[in-house]
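Naming: A, B, ... by sequence-line order, numbering from 1 per chain.
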Amino acid sequence: MPSFQTSPGTRDILPPQAGRWRALNAVFAGVVESAGFECVIPPMFEDLGVFLRLGDATDVVTKEMYDFEDKGGRRVALRPEHTAGICRSFAQHRPTTPWKVWYSGSNFRYEKAQAGRYRQFDQVGIEVLGSTDALLDVEVISLGWRFFQELGMSSVLLMVNSLGDLADRERYIDALRAYFVTHSESLSAESRATLERNPLRVLDSKRPQDKSVIAGAPTINDFLSDEAREHFSLVCRGLDQLSIPYAVNTGLVRGLDYYQRTVFEFVSTALDSAQTAVGGGGRYDGLVEDLGGPATPGVGFAMGVDRTLLACDAEGVFLAGDAPLDAFIIDVTDGFAALRIADRLRAAGFRVDRAFDGRSMKAQMKVADRSGAQVAIIIGSDEAAAHSCTLRDLGTSEQRLVLEADLVENLSALVGSRTPRRTTS
RNA sequence: GUGGGCGUAGCUCAGUUGGUUAGAGCGCCAGGUUGUGGUCCUGGAGGUCGGGGGUUCGAGACCCCUCGUUCACCCCA
């Protein structure tokens with residue numbers, strides 16, 4: 001057992017899995033940049049106060065925050081999500097609206113790890129600040145949908161709901177509390193405790209005992225203002241226009257307090273663990289103001305990278321790996337030819353690796369084979385004497401002798417031409 | 001934070017009611033093939049059996065503690 005290993009809830013993303021993460025990020029960036037979103041990179045930690053706006057009744061704030069005092073006596077916290085930091089950033093820099101940004105990075109929550117849930121977890125997401133347009137909600141949702149489509153997933157379901165405006169929501173919470181209180185003897189002990197803190201969360205209970213009580217609970221529908229109802233109706237009509245399938249789920253409440261009006265969640269039916277939500281988001285019109293900025297509406301989503309890849313595994317899709325090598329150089333002389341040729345071919349734009357430690361030709365050939373390279377470039381004493389090398393196609397096993405001076409041309413013929421890398425000389 | 005399962009080689013796992021030097025497959029290294037990979041054959045390296053304590057003549061196995069991991073709850077991506 002080594003002296004050190006990863007801390008609980010964290011892990012090393014090793015190749016080839018790490019290559020898949022980068023590929024997923026690339027797919028995401030491609031989707032959202034096609035809609036005019038630009039990348040933003042906020043800090044990983046912020047003043048604790050930024051995150052306290054997520055809601056003092058939420059677990060994210062009350063027990064999962066990775067907070068600490070730094071050497072200057074500041075109370076800071078590792079971000080548990082990106083949205084609050086991005087709203088703080090907006091309030092600080094006041095960019096022109098609508099501000100359409102995307103991000104990719106780690107978040108931190110002090111929870112006990114389980115399938116699809118880690119203390120350090122990655123999300124990709126988008127936020128739009130400065131517009132109340134319901135069709136913007138649709139655009140945001142549609143980009144999330146397209147992301148899963150481009151990964152090749154077919155197990156993703158979209159659930160939408162409206163939490164109404166602040167006043168609607170408060171009236172609803174009151175009604176919900178009153179209802180649950182009168183039925184509290186039928187509720188589980190856990191749900192009774194939840195009821196004290198946040199009646200909305202009781203709707204999320206997965207305990208069978210609570211099912212019937214929840215089924216009879218008042219729904220948010222009856223409490224929506226005319227404006228909120230119209231907004232939600234536009235969202236649904238927009239999704240219809242794009243032929244994006246969805247289900248209205250009046251029990252969908254989301255875990256953070258800042259949501260208003262539209263909320264949505266993407267769940268994967270391919271996941272059989274307890275965590276099936278691969279992403280979610282909604283509208284948060286009061287958050288920027290809460291953080292001391294101008295009253296600014298906002299809408300966005302975050303997708304869990306880990307869970308999305310788990311769902312891809314379960315579906316057997318998006319099995320992207322790292323790009324293979326073009327060539328592997330085998331030098332059984334003094335190694336200088338490999339050194340020289342590798343440098344030249346890389347400058348010419350090829351992906352090239354080689355062996356070290358003066359191993360036997362057989363050993364180097366095995367490494368070349370495992371590397372996935374298409375071509376082996378072999379330099380033995382005969383080739384070295386003739387300023388040449390043997391090009392062996394590892395797929396067909398055909399090989400021929402070429403002059404070192406003609407190497408780029410001959411390799412191009414086998415693996416295709418490449419664009420030379422930029423040099424300063 | 002609470003509860004259950006599991007910790008034996010790099011990986012996946014065997015290991016009988018406690019009984020000699022702890023095994024297999026895959027992977028890795030070397031050789032067969034002194035200039036050629038993917039197949040095959042042979043050999044080799046690699047383990048304080050998660051850690052600590054206890055029971056016993058004797059513990060990988062049994063007991064306690066601890067750490068880690070995993071699944072679930074809480075909650076969430």
Polar pair under 3.5 Å, donor/acceptor by atom type, side chain A/R307, base B/C76: yes
For the student: nearest non-hydrogen atoms of A/L48 and A/M65, plus distance: CD1-CG, 3.8 Å
Base B/C75 to side chain A/R109, donor-acceptor N/O within 3.5 Å cut-off: no
Nearest-angstrom distance, C1' atom, B/U33 to B/G38: 15 Å
Below 4.0 Å: OP1/OP2 of B/C75 and any side-chain N or O of A/T194: yes
B/G27 to B/U20 separation - C1' atoms, rounded to the nearest Å: 31 Å
P gap between B/U56 and B/C63, integer Å: 16 Å
N/O donor-acceptor pair, side chain A/Q275 with base B/A72, under 3.5 angstrom: no
Electrostatic pair A/D174:A/R177 at N-O distance under 4.0 angstrom: yes
Near-strand residues of residues 80-90 of chain A, defined as heavy-atom separation under 4.0 angstrom from RNA chain B: none
Bracket notation of RNA chain B in which parentheses pair within the strand, [ ] cross earlier pairs, and | pairs with another strand (Watson-Crick or G-U, under 3.5 Å): (((((((..((((.....[...)))).(((((.......))))).....(((((..]....))))))))))))....
Inter-nucleotide P distance (B/G46, B/G7), Å rounded: 25 Å
C1' atoms of B/A22 and B/U8, separation to the nearest Å: 8 Å
N/O donor-acceptor pair, side chain A/E64 with base B/G1, under 3.5 angstrom: no
Any A/Q364 side-chain nitrogen or oxygen under 4.0 Å from OP1 or OP2 of B/U36: no
A/D331/A/R354 ion pair, N-O < 4.0 Å: no
N or O in side chain of A/R359 less than 4.0 angstrom from B/G37 OP1/OP2: no
Nucleotide B/A77, atom P - distance to CG of A/L151 in whole Å: 19 Å
Short side-chain N/O contact from A/K362 to OP1 or OP2 of B/U33, under 4.0 Å: no
Interatomic distance at C1', B/G51 relative to B/U36, whole Å: 49 Å
Base of B/G38 paired with side chain of A/S397 (donor-acceptor, under 3.5 Å): yes
Under-4.0 Å side-chain N/O to phosphate OP1/OP2 contact, A/R370 with B/C28: yes
Pairwise P distance for B/G25 and B/C41, with rounding to whole Å: 11 Å
Pair A/R171 + A/D168, salt bridge at N-O below 4.0 Å: yes
